[in-house]
Amino acid sequence: MSYAKRFDKRRLDEMRKIDAKVGVIKRADGSAMFQIGDTIAIAAVYGPRALHPKFLQNPEKGILRCNYDMISFSVPDRKRPGPARRSTEISLVTEKALLPVLDLKQFPNAVVDVFIQIVQANAGTRCAGICAASMALAHAGVPMSDLISAISVGKVSDKIVIDLNKEEEDHEEGATDIPVAMNSEGEITLLQLDGNVSKSELFQALEFAKKGCSEIDVIQRKALKDFYKGVKNE
Ligand code: UDP
């Protein structure tokens with residue numbers, strides 16, 4: 001059976017409603033909130049600051065340390081709290097997705113810590129976390145050559161779609177989830193694939209991701225500009 005209409009009636013290339021804001025945590029050096037549909041990510045940046053223990057330091061440049069966590073009550077079936085293989089993996093891919101646009105050469109022996117909390121989850125949390133983290137790093141004033149935007153694309157039953165929600169991820173005829181992150185030039189910094197797609201389907205999905213990320217980039221930049229407009233007016 002074909003997946004004729006999306007469960008929430010979106011077009012195949014339509015993302016859920018997005019909201020983004022920076023400066024949401026006063027004590028952090030930089031912070032941001034990124035919401036897409038019912039998925040909400042908060043990112044807080046601390047640093048650059050001296051890295052301890054010292055043997056972890058890199059005398060040539062600062063290091064980026066990301067910590068992703070989904071809180072227990074972010075999902076209907078309470079998630080077991082504490083670290084798990086999933087959060088370790090997502091923390092690592094988040095670091096790798098963000099590093100290409102960061103310039104940490106000015107900060108030898110230092111660390112930039114990024115804490116990402118998913119306070120509500122309905123699929124696409126790693127992408128929401130990357131979007132929030134990228135904005136929080138810019139808000140912290142960490143030197144960056146660009147922003148990173150991220151969106152999940154994939155296949156639900158026989159249709160290529162953007163921004164799968166949890167109901168779609170759990171479709172009885174199967175779903176393929178492809179989280180993608182890229183800079184504003186469309187250069188990919190993260191591509192994961194959980195499921196099966198043909199080569200041509202993957203290319204179509206990547207086209208959707210490119211369009212989605214460029215829309216997200218505009219929203220991220222607007223949130224940053226709005227914050228500084230507000231600061232000037234205060
Ligand atoms: N999820 C859940 N419990 C868990 C992990 C995930 O309910 O312990 C849900 C949550 O809505 C999440 C979705 O499954 O967004 C998909 O998780 P996945 O690991 O594919 O990563 P994500 O799509 O969130 O980046």
Side-chain angles (χ1 to χ4, degrees), residues 3 6-8 10 12-20 32-43 66-99 114-136 148-157 159-182 188-197 201-202 205-206 208-210 212-213 215-216 219-220:
Y3 183 49
R6 295 184 78 172
F7 292 132
D8 58 9
R10 278 181 288 151
L12 299 178
D13 64 349
E14 183 181 352
M15 295 184 291
R16 292 172 287 180
K17 189 174 174 291
I18 295 175
D19 191 15
M33 182 284 301
F34 188 90
Q35 174 166 13
I36 183 158
D38 289 333
T39 291
I40 306 174
I42 310 256
C66 291
N67 188 300
Y68 163 102
D69 189 30
M70 207 168 90
I71 66 169
S72 294
F73 295 103
S74 61
V75 283
D77 303 317
R78 179 181 173 276
K79 174 198 150 284
R80 226 176 69 163
R85 277 201 355 227
R86 178 177 176 273
S87 49
T88 305
E89 178 232 346
I90 297 180
S91 299
L92 194 75
V93 298
T94 298
E95 256 164 48
K96 290 192 185 300
L98 295 166
L99 260 177
V114 184
F115 293 93
I116 299 161
Q117 286 289 341
I118 305 302
V119 292
Q120 191 170 277
N122 184 330
T125 65
R126 78 194 62 203
C127 292
I130 290 169
C131 292
S134 172
M135 292 162 64
I148 294 291
S149 312
I151 191 71
S152 172
V153 286
K155 187 174 165 186
V156 179
S157 177
K159 294 284 187 310
I160 298 298
V161 298
I162 193 166
D163 188 26
L164 287 73
N165 63 22
K166 182 73 177 136
E167 203 183 357
E168 289 181 320
E169 278 195 358
D170 295 342
H171 195 282
E172 58 181 12
E173 286 166 20
T176 298
D177 184 26
I178 312 172
V180 182
M182 60 182 76
I188 293 174
T189 62
L190 167 80
L191 200 161
Q192 294 185 285
L193 198 155
D194 182 12
N196 287 308
V197 279
E201 286 170 336
L202 177 62
L206 288 178
F208 278 10
K210 207 167 174 181
C213 281
E215 285 173 29
I216 290 172
I219 294 169
Q220 289 172 301

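Just so you know, ligand 1 is whichever comes first in the structure, and atom 1 is the first atom listed for that ligand.
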Residues which pass side chain to side chain contact (heavy atoms under 4.5 Å, CB included) with [X], listed by chain and number, not counting sequence neighbours:
X	answer
Thr189	Ala97, Pro100, Ile148, Ala181
Asp170	Lys166
Ser72	Arg78, Pro81

Where is the tightest heavy-atom contact between Leu98 and Ala133, given as atom of each residue plus distance?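 Shortest heavy-atom contact: CD1-CB, 3.7 Å.
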
Distance-minimising heavy-atom pair for Ile216 and Ser149: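 That closest heavy-atom pairing would be CG2-CB, 3.8 Å.
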
Output the set of protein residues with a heavy-atom contact under 4.0 Å to ligand 1, ordered first by chain identifier and then by residue number.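 Under the 4.0 Å cut-off, ligand 1 touches Met70, Val75, Lys79, Arg86, Ala121, Asn122, Ala123, Gly124, Thr125, Arg126, Lys166, Glu169, Asp177.
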
Fit a plane to each ring of Tyr3 and His171, take the angle between them on a 0 to 90° scale, and name the class: parallel (under 30°), tilted (30 to 60°) or perpendicular (over 60°).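 Tyr3 and His171: perpendicular rings.
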
